[in-house]
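Worksheet: one structure, shown below.
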Amino acid sequence: MTSIEQTAPTANNFLKSIIDEDLKSGKHSSIVTRFPPEPNGYLHIGHAKSICINFGLARDFGGRCHLRFDDTNPAKEELEYIESIKESVHWLGFDWGEHLYYASDNFEQLYLWAVYLIEQGKAYVEDLSGDEIRAYRGTLTEPGKDSPYRSRPVEENLDLFSRMRAGEFPDGSRVLRAKIDMASPNISLRDPVLYRIIHAPHPHVGDAWKIYPMYDFAHGQTDAIEGITHSICTLEFESHKPLYEWFLDNLPVPSRPRQYEFARLNLTFTVMSKRKLQELVQLGIVSGWDDPRMPTLAGIKRRGYTPAAVRAFCDQIGVGRSDSWIDVSCLEECVRTDLNESAPRAMAVLRPIKLVIDNYPADRTEELPAANHPQKPEMGNRTIYFTREIWIDADDFMEVPSKGFHRLTVGGEVKLRFGYIVKCTGVVRDEQGTIQELHGEYDPASREGIHTADGRKVKGVIHWVSATHAVSAEVRLFDRLFSDPNPDRGAADYKQFLNPGSIETLSDCKLEADLSRSNIETRYQFERMGYFRQDPKDSLPDTLVFNRIVTLRDAWTNKK
RNA sequence: UGGGGCGUCGCCAAGCGGUAAGGCACCGGAUUUUGAUUCCGGCAUUCCCAGGUUCGAUCCCUGGCGCCCCAGCCA
């Protein structure tokens with residue numbers, strides 16, 4: 001746990017209260033939770049909430065948390081997803097140890113239990129088509145009707161079900177159903193489907209099976225097999241709970257798990273559904289599942305967010321049962337809080353414009369010490385080079401300053417961070433009238449502090465880099481993928497809310513030379529610009545590519 | 001509309017009958033060679049509404065209102 005997490009408030013929540021009581025009353029001597037993703041896509045920030053809850057609870061109460069692949073539908077699942085999910089959970093900082101499970105490892109037991117239900121007269125093979133089943137199910141306000149196959153004899157059910165398993169029937173021709181109550185006000189109890197026929201290879205068990213259990217028939221029983229004490233899922237499964245319990249009540253399961261539900265995470269300015277994320281990838285709107293603008297954990301990782309920051313975010317938002325919309329700025333703030341502590345500082349000029357210091361000798365180079373962190377002397381100093389020609393950021397110069405602008409202006413002066421005070425004496429233009437370079441003069445006595453020789457205090461401090469020492473780099477500035485706080489809202493196509501400026505690529509930025517030799521993993525604060533890290537895929541030693549992880553807080557542009 | 005759930009500051013969220021924690025955001029002010037950080041101060045006489053019980057209610061009761069989920073051989 002890093003300092004950001006130690007200082008983060010850990011709100012009490014209803015799950016902790018429940019577990020507290022279960023432990024106190026002796027109902028359980030220790031707890032077992034599980035994170036059960038279906039391997040049908042990449043994990044996103046919403047899954048991070050679930051991971052932090054499940055693994056976090058196990059950690060806090062001295063229990064354990066399993067990673068379980070809920071792989072009951074081979075039509076949608078792939079090995080690629082299994083691998084990426086394991087990677088993301090580890091990246092987030094959690095470890096399942098020996099406890100890696102697959103729902104599909106229990107297929108034989110589940111099959112036996114289905115046979116058991118048939119023998120008990122509590123399940124039957126259905127010959128109705130999908131459309132007919134739907135028609136018989138009734139509606140929200142009208143009860144359903146019994147299927148004509150509901151009273152099929154046990155022996156016939158047994159025979160048919162074993163032949164379903166043997167692969168004798170085509171997909172969709174028959175299903176196994178539980179015999180519960182076609183008139184139940186809870187629709188999930190109206191003879192739910194238990195097994196369907198799918199002739200497709202499975203990423204974990206290959207072609208061993210032609211029939212696959214539904215989520216409802218697999219989840220609770222798998223929980224029971226693994227000895228899960230607290231089965232924590234999102235709110236939309238709440239109406240399945242009576243069914244979850246019906247199976248546990250009617251099957252000889254080895255333990256009795258309980259299901260609890262919490263509100264899933266909604267984040268502003270993004271979309272979270274797997275379908276939409278997949279579409280963004282397929283349409284080429286983003287470069288892939290790990291595009292730094294994506295809310296996937298792969299994207300967040302590539303962007304440069306730290307696992308500690310994501311964990312702190314999950315702690316901060318808490319766990320409740322009311323539908324919530326968290327502002328992305330909350331996540332971004334967690335990233336800043338973490339990086340502010342740990343990131344060494346550096347200077348980088350993103351939109352370079354040359355400043356020639358006319359009264360500085362052309363053949364001179366000064367080595368200046370620069371603190372790696374303003375509040376942490378233990379992080380040491382580095383050497384930066386001062387020369388006659390330097391790069392400054394175009395945004396730090398205005399010929400005619402706007403109100404409140406206290407950077408460089410013609411005739412005005414500014415402090416060069418860790419260097420001297422310079423005064424701008426003039427502007428050189430080309431034939432078109434665009435500014436080619438700036439000229440100025442420095443005050444040799446002004447290296448320390450921000451006061452001029454006559455005691456005045458300069459208002460602005462800007463970053464810069466020696467033109468003779470700088471290295472060039474590509475810098476990618478990311479912004480929110482959508483320009484609307486809730487692109488998912490209403491019936492409108494979420495794609496119309498795409499932010500056209502979600503990525504800006506700057507090609508010839510000027511960086512301190514040391515950055516070309518830095519560890520590719522190191523996250524820097526480019527002073528006054530934000531936090532940056534090399535892109536793990538595209539950055540090479542001789543063609544540097546930096547990603548902006550997040551901006552600094554900026555009272556100035558906010559005010560404008 | 002049948003069933004289930006939820007409604008405390010702009011966004012989250014504690015609170016469990018004794019007189020509204022905390023975080024983020026926001027607004028002041030101090031320190032600062034990052035318009036960053038840090039610091040200090042401000043920020044719900046009120047808990048969806050209306051009745052009721054009680055010495056006392058955000059917490060209990062009744063009745064409204066609003067929002068979310070369920071009619072996949074998805075999870």
Side-chain angles (χ1 to χ4, degrees), chain A residues 8-13 17 36-38 40 70-73 75-76 126 128-130 133-134 137-144 171-177 184-190 192-198 212 214-216 218-219 233-242 261 263 268 274 313 315-327 329-334 336-337 340-341 345 347 370-371 373-375 404-407 415-419 421 446-451 458-463 525-530 551-559:
Chain A
T10 28
N12 195 21
N13 67 54
S17 308
E38 181 189 17
N40 68 343
D70 221 335
D71 53 352
T72 56
N73 186 354
K76 295 186 169 184
E126 173 67 274
L128 253 27
S129 71
I133 289 175
R134 189 176 313 119
R137 184 149 40 218
T139 67
L140 292 180
T141 49
E142 302 159 302
D171 288 10
S173 57
R174 278 182 239 264
V175 293
L176 183 73
R177 290 232 255 173
S184 172
N186 181 340
I187 290 172
S188 61
L189 258 18
R190 318 239 263 230
V193 172
L194 268 31
Y195 270 90
R196 71 293 213 192
I197 300 168
I198 302 175
Y212 291 89
M214 297 287 287
Y215 163 85
D216 286 308
H219 205 91
C233 61
T234 45
L235 245 21
E236 64 268 28
F237 290 102
E238 189 161 32
S239 58
H240 296 236
K241 194 173 185 160
E261 312 85 15
T268 57
K274 267 178 191 165
F313 169 72
D315 283 346
Q316 207 161 94
I317 61 177
V319 184
R321 287 175 61 86
S322 51
D323 296 326
S324 60
W325 277 91
I326 309 291
D327 199 302
S329 64
C330 186
L331 209 207
E332 292 164 349
E333 191 52 31
C334 287
R336 290 190 190 102
T337 303
N340 177 51
E341 289 291 313
R345 313 286 129 125
M347 294 200 285
H373 190 115
Q375 283 85 33
F405 183 82
H406 48 246
R407 279 109 97 148
K415 171 75 176 185
L416 296 172
R417 171 133 248 233
F418 304 120
I421 291 175
S446 64
R447 251 234 309 129
E448 307 279 341
I450 52 168
H451 291 272
V458 292
K459 291 171 304 219
V461 177
I462 65 171
H463 58 279
Q525 183 195 102
F526 289 171
E527 295 211 29
R528 305 205 307 133
M529 302 309 296
T551 61
L552 255 29
R553 282 179 66 197
D554 185 357
W556 168 238
T557 40
N558 284 347
K559 198 166 288 180

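We name chains A, B, ... by the order of the sequence lines, and we start the count at 1 in each one.
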How close or far is atom [atom2] of [N] from atom [atom1] of [X], stated in whole angstroms?
| X | N | atom1 | atom2 | result |
| --- | --- | --- | --- | --- |
| A/Lys459 | B/U34 | NZ | C1' | 17 Å |
| A/Leu331 | B/G23 | CG | P | 19 Å |
| A/Lys415 | B/A36 | NZ | P | 19 Å |
| A/Glu261 | B/C69 | CD | C1' | 11 Å |
| A/Phe237 | B/G4 | CZ | C1' | 15 Å |
| A/Asn40 | B/A75 | CG | P | 9 Å |
| A/Glu126 | B/G72 | CD | P | 14 Å |
| A/Arg528 | B/U32 | CZ | P | 18 Å |

Nucleotide opposite [N] in a Watson-Crick or G-U pair, distances under 3.5 Å:
| N | result |
| --- | --- |
| B/G2 | B/C70 |
| B/C60 | B/G52 |
| B/C16 | none |
| B/G10 | B/C24 |
| B/U37 | none |

Assign [X] to base, sugar-phosphate, or nothing according to its heavy-atom contacts below 4.0 angstrom with the strands shown.
| X | result |
| --- | --- |
| A/Val193 | sugar-phosphate |
| A/Ile133 | base |
| A/Gly144 | nothing |
| A/Arg447 | base |
| A/Val319 | sugar-phosphate |
| A/Phe526 | nothing |
| A/Leu128 | base |
| A/Ser129 | base |

Which nucleotide sits closest to the side chain of [X]: [options]?
| X | options | answer |
| --- | --- | --- |
| A/Leu140 | B/A71, B/G35, B/A25 | B/A71 |
| A/Cys330 | B/C24, B/C74, B/G3 | B/C24 |
| A/Trp556 | B/G35, B/C73, B/A71 | B/G35 |
| A/Arg553 | B/A36, B/U33, B/G35 | B/A36 |
| A/His406 | B/G2, B/C69, B/G35 | B/G35 |
| A/Met214 | B/A25, B/U33, B/C74 | B/C74 |
| A/Ser239 | B/C26, B/G5, B/G3 | B/G3 |
| A/Arg196 | B/G2, B/G35, B/C74 | B/C74 |

Taking only Lys NZ, Arg NE, NH1 and NH2, and the carboxylate oxygens of Asp or Glu, determine whether [X] and [Y] approach each other closer than 4.0 Å.
| X | Y | value |
| --- | --- | --- |
| A/Arg336 | A/Glu333 | yes |
| A/Glu527 | A/Arg417 | yes |
| A/Glu38 | A/Lys274 | no |

Which atom of [X] lies closest to which atom of [Y], heavy atoms considered:
| X | Y | answer |
| --- | --- | --- |
| A/Asp70 | A/Pro36 | CB-O, 3.6 Å |
| A/Leu235 | A/Glu261 | CD1-CB, 3.6 Å |
| A/Pro242 | A/Leu189 | CB-CD2, 4.0 Å |
| A/Trp556 | A/Arg407 | CD1-NH1, 3.2 Å |

Q: Have a look at B/G72 and give me syn or anti from its glycosidic angle (syn if within 90° of zero).
A: syn

Quote, to the nearest angstrom, the [atom1] distance that separates [N] from [M].
| N | M | atom1 | value |
| --- | --- | --- | --- |
| B/A20 | B/U45 | C1' | 10 Å |
| B/C27 | B/U46 | P | 25 Å |
| B/C47 | B/U58 | P | 7 Å |
| B/C48 | B/C59 | P | 8 Å |
| B/C55 | B/U19 | C1' | 12 Å |
| B/C26 | B/G63 | C1' | 38 Å |
| B/C43 | B/G10 | P | 15 Å |
| B/G64 | B/G3 | P | 13 Å |

Can you check whether any acceptor in the base of [N] is under 3.5 Å from a donor in the side chain of [X], or vice versa?
| X | N | value |
| --- | --- | --- |
| A/Gln375 | B/U37 | yes |
| A/His240 | B/A75 | yes |
| A/Arg345 | B/U34 | yes |
| A/Gln525 | B/U34 | yes |
| A/Arg407 | B/G35 | yes |

Q: Without swapping roles, check the side chain of A/Lys415 against the backbone of A/Arg447 for a donor-acceptor pair under 3.5 Å.
A: yes

Q: Go through the side-chain N and O atoms of A/Asp327 and A/Ser329 and say whether any donor and acceptor fall under 3.5 Å apart.
A: yes

Q. Should the ring pair A/Tyr215 and A/His219 be called parallel, tilted or perpendicular, given that the plane angle runs from 0 to 90° and is split at 30 and 60?
A. tilted

Q) Do A/Leu416 and A/Ile462 have side-chain heavy atoms sitting under 4.5 Å apart? A) yes

Q.
Taking the side chain as everything from C-beta on, heavy atoms only, tell me whether A/Arg196 gets closer than 4.5 Å to A/Asn73.
A. yes

Q) At under 4.0 Å, does any side-chain N or O of A/Arg336 touch on OP1 or OP2 of B/A36? A) no

Q. Would you say A/Arg137 reaches B/C73's phosphate, i.e. side-chain N/O to OP1/OP2 under 4.0 Å?
A. yes

Strictly under 3.5 Å: I want the nitrogen or oxygen pairs between protein and nucleotides 8-12 of chain B, one per line.
residue: B/C11; atom: O3'; partner: A/Trp325; partner atom: O; Å: 3.2
residue: B/C11; atom: O2'; partner: A/Trp325; partner atom: O; Å: 2.6
residue: B/C12; atom: OP1; partner: A/Trp325; partner atom: N; Å: 2.9
residue: B/C12; atom: O5'; partner: A/Trp325; partner atom: O; Å: 3.4
residue: B/C12; atom: O2'; partner: A/Ile317; partner atom: O; Å: 2.8

Q.
Judged by each residue's nearest nucleotide on RNA chain B, which is more toward the 5′ side, A/Gly320 or A/Gly172?
A. A/Gly320

